[in-house]
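What follows is a single structure, written as structure tokens, with notes after it.
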Amino acid sequence: MNTVTELHTHGGAADYRDHGLIFPRGFVFGSATASYQVEGAFDEDGRGPSIWDTFSKTPGKVWNGDTGDVACDHYHRQGADLDLMKELGLGAYRFSIAWPRIQPTGTGAVNQPGVDFYSRLVDGLLERGIRPVATLYHWDLPQALEDAGGWPARGTADAFEEYAAIMGRALGDRVHTWTTLNEPWCSAYLGYGQGGHAPGRHEPAAALAAVHHLNLAHGRGLQALRATSAGDPEYSVTLNFHVLRTDGPGNDDAIRRIDGLANRVFTHPMLRGEYPADVIADTAAVTDWEFVKDGDLDAVCQPIDVLGVNYYSTATVRLWDGTSPRQQNDGHKGASDGTAWPGSHELVEFVEQPGPFTAMGWNIAPDGLENLLMSLHEQFPHQPLMVTENGAAFDDVVAADGSVPDADRIDYLRRHFTAAHRALSRGVDLRGYFVWSLLDNFEWGYGYAKRFGIVRVDFDTLERAVKDSGRWYSRLATTGVLPE
Ligand code: GCO
């Protein structure tokens with residue numbers, strides 16, 4: 001049965017709350033985590049410090065002074081967590097590799113126990129029939145590389161290329177999909193512009209240099225992985241797209257500016273080999289882009305098998321009139337205070353969005369996911385897509401019997417899977433979907449205050465309990481049919 005064409009027999013046009021939808025054969029249902037958010041064991045087996053170790057231990061940076069020192073203790077619970085994934089029926093697991101476990105100071109000799117940890121993880125996944133989807137960089141830069149300048153320095157892209165070759169040689173015979181970077185937007189603008197993420201710098205020009213060196217790291221890292229992987233892996237990168245709306249006429253320039261800095265400054269070099277001229281012009285007072293050297297754009301632009309799409313919510317922008325108090329209601333990743341938008345600082349405001357909202361204060365907008373997938377399909381028609389993150393934090397309540405009846409998370413996921421299915425029915429080549437997150441974990445600046453997991457983690461005992469959403473997702477993953 002061709003399932004996708006059945007779509008319109010379910011539900012109304014405006015209501016994304018559907019069920020019974022059948023996903024195409026081969027569609028991948030996975031779940032995701034990231035190294036610093038789940039592993040713990042921050043100083044074991046030779047792991048060096050990362051910028052998130054430093055940042056989380058700096059007073060006032062993370063809610064409640066929380067750190068990733070222990071996190072979910074996944075480092076010591078790998079076997080049990082693998083069994084849990086198997087029990088849930090996941091088809092794929094998206095994890096990240098902590099660079100400072102592999103090279104404690106970011107360059108030089110390989111720390112073999114670090115490699116062995118991920119090698120066991122990959123083997124454990126394959127033994128259980130789960131595809132390993134490995135991200136090389138999910139924000140835990142070795143502190144020594146930050147001390148040498150961090151992503152604003154070109155040397156970090158050189159080091160990344162070397163690290164990628166190490167991992168290609170170590171795991172490239174078994175990894176199903178390689179992802180170079182996770183959300184370089186966050187690394188560049190939150191890390192070096194707005195400062196809400198490690199390393200917490202406030203330097204707009206450095207943020208743009210970081211953008212370029214992350215793009216360069218992607219392209220050179222991808223080539224290094226390709227040259228060293230003995231198997232036949234797929235290659236990808238994961239971006240967090242900003243889905244932009246406005247609330248009145250005359251705001252096209254606000255949308256263009258933020259779309260340029262948030263989205264096109266990554267997709268255009270990576271997929272078209274050029275920086276958007278309007279972004280260069282918008283940022284001319286901040287930097288002259290002299291850090292883009294001859295040959296860089298050829299290196300950045302590498303064919304990828306899938307483009308990873310992270311989506312949580314939308315943002316509503318308008319041009320600021322310069323007089324009334326500037327609204328800063330971005331919500332998503334808390335980056336609306338202008339310092340995350342070099343060159344468009346004080347030109348654009350982020351206005352309040354319609355609810356409902358998750359516990360992060362992010363608006364729930366499944367139509368934004370459908371719009372995003374359609375837009376990417378139109379811009380890059382031959383590029384297969386993968387939702388590499390979608391999910392929601394809610395204030396879960398544990399019932400007396402120990403169960404976690406998280407109906408709001410199920411509702412969120414149901415609506416977003418419906419949106420994805422609609423995009424499929426409209427011709428988008430969407431290959432799969434990873435729910436963020438497998439486990440409640442260290443949510444960056446929010447510490448352990450925000451729970452995204454489909455599995456609950458008790459941060460006192462570190463015990464895991466599958467939430468109702470986990471059981472619901474398990475039905476979807478094992479049948480391919482959107483459950484009630
Ligand atoms: C990101 C990261 C995840 C987050 C998740 C929820 O997108 O920021 O990939 O590490 O935890 O997105 O904020």
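Ligands are counted one by one from 1 in listed order, and the atoms in each one are counted from 1 as well. The residues of the chain are indexed from 1 along the displayed sequence.
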| query | Cationic tip of Lys57 within the cone over Phe42's six-membered ring, i.e. under 6.0 Å and within 45° of the normal? | reply | yes

| task | Could you tell me whether some N/O pair between Trp139 and ligand 1 is separated by less than 3.5 angstrom? | result | no

| field | The one among Glu443, Glu389, Met360 that brings a heavy atom closest to atom 9 (O) of ligand 1 | value | Glu389

| query | Just heavy atoms, cut-off under 4.0 Å: does Trp362 contact ligand 1 by side chain, backbone, both, or neither? | reply | side chain

| said: Check whether Phe160 forms a cation-pi arrangement with Arg220 (NZ or CZ under 6.0 Å from the six-membered ring centre, at most 45° off the ring normal). | reply: no

| message | Heavy-atom distances under 4.0 Å decide this one: backbone, side chain, both or neither, for Asn182 against ligand 1? | response | side chain

| said: With heavy-atom distances below 4.0 Å as the criterion, list the atoms of ligand 1 near Phe452. | reply: 6 (C), 13 (O)

| task | Would you give the length of the straight line joining atom CG of Asn441 to atom OH of Tyr36, rounded to the nearest 0.5 angstrom? | result | 12.0 Å

| task | Only one of Arg120, Lys86, Arg128, Arg464 passes salt bridge (Lys or Arg N to Asp or Glu O under 4.0 Å) with Asp81; say which it is. | result | Arg464

| query | Do Trp99 and Ser50 have a side chain donor and acceptor closer than 3.5 Å? | reply | no

